[in-house]
Structures are given as structure tokens and as C-alpha cells.
2 protein chains.
Amino acid sequence: MESINIKDVARICGVGVSTVSRAINNHPDINPETKDMIMQVVKEHNYIPNNSARNLKRTDSKAIAVLIKGISNPFFSKMIRIFEKEIHKKKYSFIMQHVDAGEDEVDVALELIKEKKPRGIVFLGGFFSHSKEKLEQLAVPFVLSTIGMTDSLEESPFYSWVSVDDFAESYKMTDYLCKLGHKRILILAATKDDESIGRLRLEGYRKALKDNGIELDEDLCVFSGVGRDCYTMDYGFMAMSRILEEKKTDFTAVYAISDSIAIGACKAITEYGMKIPEDYSVAGFDGLDIAHYYNPTLTTIRQPVEEMAEATIKILFDVVSNHADHQKRVFKAELMEGESTRNVK
Amino acid sequence: MESINIKDVARICGVGVSTVSRAINNHPDINPETKDMIMQVVKEHNYIPNNSARNLKRTDSKAIAVLIKGISNPFFSKMIRIFEKEIHKKKYSFIMQHVDAGEDEVDVALELIKEKKPRGIVFLGGFFSHSKEKLEQLAVPFVLSTIGMTDSLEESPFYSWVSVDDFAESYKMTDYLCKLGHKRILILAATKDDESIGRLRLEGYRKALKDNGIELDEDLCVFSGVGRDCYTMDYGFMAMSRILEEKKTDFTAVYAISDSIAIGACKAITEYGMKIPEDYSVAGFDGLDIAHYYNPTLTTIRQPVEEMAEATIKILFDVVSNHADHQKRVFKAELMEGESTRNVK
DNA sequence: TTGTAGGCGTTATCAT
DNA sequence: ATGATAACGCCTACAA
């Protein structure tokens, strides 16, 4: 219970606290024998320095913090693993901080900066519609990773940004389906009020249809109910089942704005006794591993997750260590042709 | 840059620091007008209390910490979401702490206890083969969640444990396959030196074979190379492909010790031109959502993840708030019959 | 090479 | 209801 502190260690060793401090922090100017003796006592008594006290005193921390909003995103675990690896490679320590659903990520960051004094921050996920003045409070370099570009994220030279162009990639997929001869493409979109990637992907779809001379049919735009997690297999299944039951509209292709939704839709179609791609073509978005392992393999837009994660850290370190300028980096995603779509011309 | 502290706020407000402290901490004995005035200044100057200083001074924290080892586990995001919800419901705050691959989770916990003084800890994942004396250093109640029971985790009354019985459930699945008439069941196991759930599931398989009068064929036990993440679709695919190419042994069923591995195996079998379950039955373990959405639906052991997560928090709070005794809670998993297995009698 | 003392920003105790 | 002040545990000048 009563846990030991640096003073106790000093007393036990018969030295001053600064000597103990030097020992545990690998300072050069200390007698090796003294150090060994101290470390011995430290081990024996299980002395563990109090990080709060350390953080309070320090100005420097040699740490990168990653703030995660919405842990359910299937990309994140892969990205976090890369963050961890890359950050360690640079001999920095890695602070992973969770941001609750209702919480403001910038407020959390502000708190964290005071508390742990990280040298850089990665914001992962979330919507990020913050005012410029709020963002400017962040006195630590940061990069927005895998966050949909919204209008409020105009060219600001004081932070970095790594993502794909959701609009353009969604356009690419829709255009691909059009070129396959599909004229009636159902889209399984996010919630109607979505302001982030959900909206961007929907708009890419709209634009592609238009450019292909296909008139937008609102009946083919399916939205998730508000307040529900809409990038799920469950949503895809439910929505698709309902549509098939209703038989209100016909279509030859389904474009789901995420692979999870697409897989849910596939299930609904199969259960309904229809075949993919013979009866319906199905396309997704994200390029999850499962898209490749699914049966049939799913046509999707593969985001280069690993590269994006690596770039995130690289850019951050460039800014942190080399005082490089902030970058806005847009990665090109790849359209993966799977067995789930077919030519209907 | 120069960030404001409680003294500055006090000076600006023309009051003492303790009054400011009372205001920001919702202490009762403060004049509402004074408080309003202070809070006004706090907002205007974006004052944010320094948590390190707070933690240093406080003895109490009203927080539960969750330590996560191996973020790639597909269960975790679901569990973490429930942890977050349940912890918030109790008006506690939620500290999520990542444990690096090489790090010792107990050491991390020890550090965290000093730093943040949580009232309880959840260990999620990892192997947890710690000596009793090491565990006893933890002065804070903790529960091991979804951690394979190993021999070193004997009946210890000073911590809780929530999991499924990997041995028994694996036995159940293997027995099920035997009862379907399969006599040659290939198992896609973990690494050979696995000491945790990988070993437990393998032993369940062995025992079930024995009880069904089937002699163990070592050629049917496939292990992952050491050092690789073996609960992946990639491993399942690679291993299964190799086996099919080699044609060294024959079998009628494949039992993968995780759903991810099973899906990888399914892909390999399908690509090889074989049909599931006509040519090979395939079974998994875990009960991921995808098992239900996969085509064919996967026969698997569904772990009651949500209930386990809820129980984890419930037990922890019982110990923390009500001084209840620690519990070892074994959840029963459910064998989900999918389309991937068939009767061969 | 080592020890002493002050201060990091808070909260808590004690006066007032 | 409010203010001064002593910790909390550590690091780091500065002194020895």
C-alpha cells in the first residue's frame, strides 16, 4: 500500500535525491558504483517513479500522442500498430488517448498537452469541424489522419492532414459501375445529416452519375437512421433486406459506402435467393482485408492504410524534429476489381 | 504558448487560488456569484487545469483503467465500447492505456496506479503468466478479461477473472465435428510454443478426438510459424493453401482456432476449386460478426462478448464500491451451426 | 561526483 | 465564504 518514493530510496541508499534521480534517468555524471547500488535498491523495493510528478516538472517528454475517436473503425487497429512501431523506431514513447463519443477532441488534446507535454499529436477519426481559432490553441504540431476533408478544413498552414479524397474515389467507383453498363445504382449511404466522409462519398456518387448522363433517382439513395452506427454489416443487411422486400425500385448494382455495409448487403441479397453478381453487382469502399477474403471477393476502393499511417508519422516527425512545413497529403486509393461486380452491357 | 495556471486565474479574478479551485471542482462552500465570475474568466482565458498536478495531489480519482495488450484482437473494439459505456454510467472516468507488445502489463499497471490512482483496473488480452508475488503488488482491484486461463492462474482470491473455458469450448466444437462423422479433422492451431488460448484450444481438440476414439495424427496439427500474428486470415489462407498443394494428408474437416483463420482457410479451399462444405467442412472459433455474414455462414463457437464485457465492469465495481469478493466467472459459449460444416455419416 | 533547496500546478488544511 | 500555506514526488540549478 504505502508506496515508496524517491526520498525513501535516497534515504535507504544513504545518498541525496538528486543522485537517485541521476541514476534512474541515466544521467552521465554519476559514479557507476553508486548507480549500481541505487538501481539495486530500486529493484528490490519495486520503486516506480511517479509520472505525474515527472510530467509536472518536465517541459520535454519525447512522446507522440494519438487521439482516437470512434474505436470501432476497422482501420484503426492496423494504423495504431504502425503508429506504435514507427514511434518506437524514433525512440519516442507512444501515448494512446481515447476520445469519448460526446467529447471534443481538441479539448482532450489541450488537456493532454498540459498533462503530458507530447511533442506531436495525431488525431485519428472523428469529424473535426473545428474553428480555426480553436485549432490555433493547439501549441503542439498535429496531423489529422484519415479524417474526411470538410469545407472547414481549408488550406491551413499550421497543421498537417493525411487522407484519401473520398469524393474523387467515390466518383471513381461509381463511374466504374456506370462504365460496366449499370444505369440504376443503389447507394447505401450514411445518415442523411452526415457532414464527413459519408457526405463526400455520396457526392462523388452523384457527380459520377451526372457525368455519365444518368439522372439521380432519390429512391436509389438509401440513408441510415440517425444516431445509429452506420458503417456496419448490420446496417447493410437491414437496409438491403428491406429494399428487396419492398420491391419498390429496381436496380442492377448496389454501391455501399463501406465494405462492412457491402458485406451486410451481400448477405441480404443471398438470403433473398439472388446471386452476386448475376442478379446484382455489389461494390464497397475501404479495402478491408475481408473484402479480399469474402466470397465473392468484393469490388472495393482500397485505401492504402499502411502507407497513410506511415506518412502520418513521418510528416509529424518532420515537423517536430526538422521544423519542416506542414503538409496536406492526399493518397490515391486503388479500385480493386472483385467478383462481386459484372459487366451488364 | 504561455499557458495560464490557477494562480493566474486567481490573480485575474482578484481572489485566492483556493477559491478558484473550489469553483472548478464544484465544491459546495462557495458563493455562486464568485463562482460564476471565476468560471467566466476560466472560459475566456481557456484555462485548463493541469492533470499531472491534480493527480499528484489527489488520492482519489474516480476512474477505471483498461489496459489493452494486442490491439488487433477483433473483440476488443466491441468490448471497449461497452467498458466505456458502463464506466460512464457509473460516473467514473475511463482511462484506456495501451500496452506495447514487449511490455509487461503489470509494470504498466504499477506505473499507472502511481500516476493516475485509478480505483480499478481491467486487463484485456495478453497472456498473463505472472507470479503471484508480482500480482500482489497491485494494490488496486483488477479483473482479467478475456484472458486464457493458464496454470499459473490458480484460484487466487485477490483478483477477478472473466473468460470462456477455451479448453471445454474447443472440445465442444471438435466433438461436434466428430459426431458429424468426421474422422480426419485438420486443426489450424497457433504457434507451437503457445501457452495461452492457442494451447487450450488445441488440447480441447486432442481430448475430444481421444474421447471419440480417434487417434491423433500429428500431420493433421498445423502450427503457425513463431513470431507471426497467427490469428489472421492471412495465416489461414497460407497454411491451407500449402496443405492443399502438398496433398500429403487427407481430411474431411478443418477446424481453425479462430474465425479469421477459418475465413482464410475457406478462401484457400475455394480458390483450390473445392467446395465448402461438400468437399471440406470448416469450423472456426470466436463468433465474430463476420462468421454470420460470411458465405457460407461459418460454424463457430460464439463467445458472449457483450455479456463478458458487462460482467467485467460489474464485477469490478462490486469489488471497488461494495467491497464484494473477487469472482472467477466462466461464460458458456454457444456453438453456432453454420453452412460451412456438414454431416458425413 | 554529490547534496540542498526551490518550484512545477494543484488540492487540502487551517485559519480568518 | 475566502485566503494563505503546506504538501504531493520529482527534477534541476546551484553549491560544495
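Every chain is numbered from 1 and lettered A, B, ... according to where its sequence line falls, protein lines coming before strand lines.
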Chemist: For the pair made of CG in B:D36 and P in D:dA1, what is the distance, rounded to whole Å?
Modeler: 14 Å
Chemist: Looking only at side-chain N and O atoms, does A:T34 come under 4.0 Å of OP1 or OP2 in C:dT1?
Modeler: no
Chemist: Given atom CZ of B:R11 and atom C1' of D:dA4, what is their separation to the nearest angstrom?
Modeler: 16 Å
Chemist: Would you mind building the protein contact string for nucleotides 9-16 of chain C? One character per nucleotide, 5' to 3', B for base within reach (heavy atoms under 4.0 Å), S for sugar-phosphate only, - for untouched.
Modeler: BBBB----
Chemist: Round to the nearest Å and state the distance from A:M37 atom CE to C:dT1 atom P.
Modeler: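 In whole Å, C:dT1 P lies 15 Å from A:M37 CE.
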Chemist: Does a side-chain N-to-carboxylate-O contact under 4.0 Å join A:R81 and A:E84?
Modeler: no
Chemist: For B:N31 and D:dG3, give me the distance from atom CG to atom C1', rounded to whole Å.
Modeler: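 B:N31 atom CG is separated from D:dG3 atom C1' by 15 Å.
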Chemist: Name the atoms and distances for all side-chain donor-acceptor pairs under 3.5 Å in residues 4-15 of chain A, with sequence neighbours left out.
Modeler:
unit_1: A:N5; atom_1: OD1; unit_2: A:K7; atom_2: N; d: 3.0
unit_1: A:N5; atom_1: OD1; unit_2: A:D8; atom_2: N; d: 3.0
unit_1: A:D8; atom_1: OD1; unit_2: A:R11; atom_2: NH2; d: 3.0
unit_1: A:D8; atom_1: OD2; unit_2: A:N5; atom_2: N; d: 2.9

Chemist: Under 4.0 Å, heavy atoms only, any strand: does B:D29 hit a base, just the sugar-phosphate, or nothing?
Modeler: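 Base, at least one base atom sits under 4.0 Å.
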Chemist: Which word best sums up how the rings of B:F142 and B:H326 line up, parallel for under 30°, tilted for 30 to 60°, or perpendicular for over 60°?
Modeler: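 The rings of B:F142 and B:H326 sit tilted, inter-plane angle from 30° to 60°.
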Chemist: Assess, by modelled atom type and distance only, whether the side chains of B:N51 and A:E111 contain a donor and an acceptor separated by less than 3.5 Å.
Modeler: yes
Chemist: Rounded off to whole Å, could you give me the NZ-to-P distance for the B:K116 and D:dG9 pair?
Modeler: 17 Å
Chemist: Nearest whole angstrom, please: distance from the P of C:dC8 to the CG of B:N55.
Modeler: 19 Å
Chemist: Which residue in the set B:L316, B:V143, B:V330 passes side-chain contact (heavy atoms from CB on, under 4.5 Å) when paired with B:V162?
Modeler: B:V143
Chemist: Does the ring centre of B:F94 sit less than 6.0 Å away from the ring centre of A:H98?
Modeler: yes
Chemist: What is the separation between atom NZ on B:K35 and atom C1' on D:dT2, rounded to the nearest whole Å?
Modeler: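 Computing the B:K35:NZ to D:dT2:C1' distance gives 15 Å.
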Chemist: Check the distance between C:dT2's C1' and A:E33's CD and give it to me in whole angstrom.
Modeler: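 So the two atoms are 14 Å apart, to the nearest Å.
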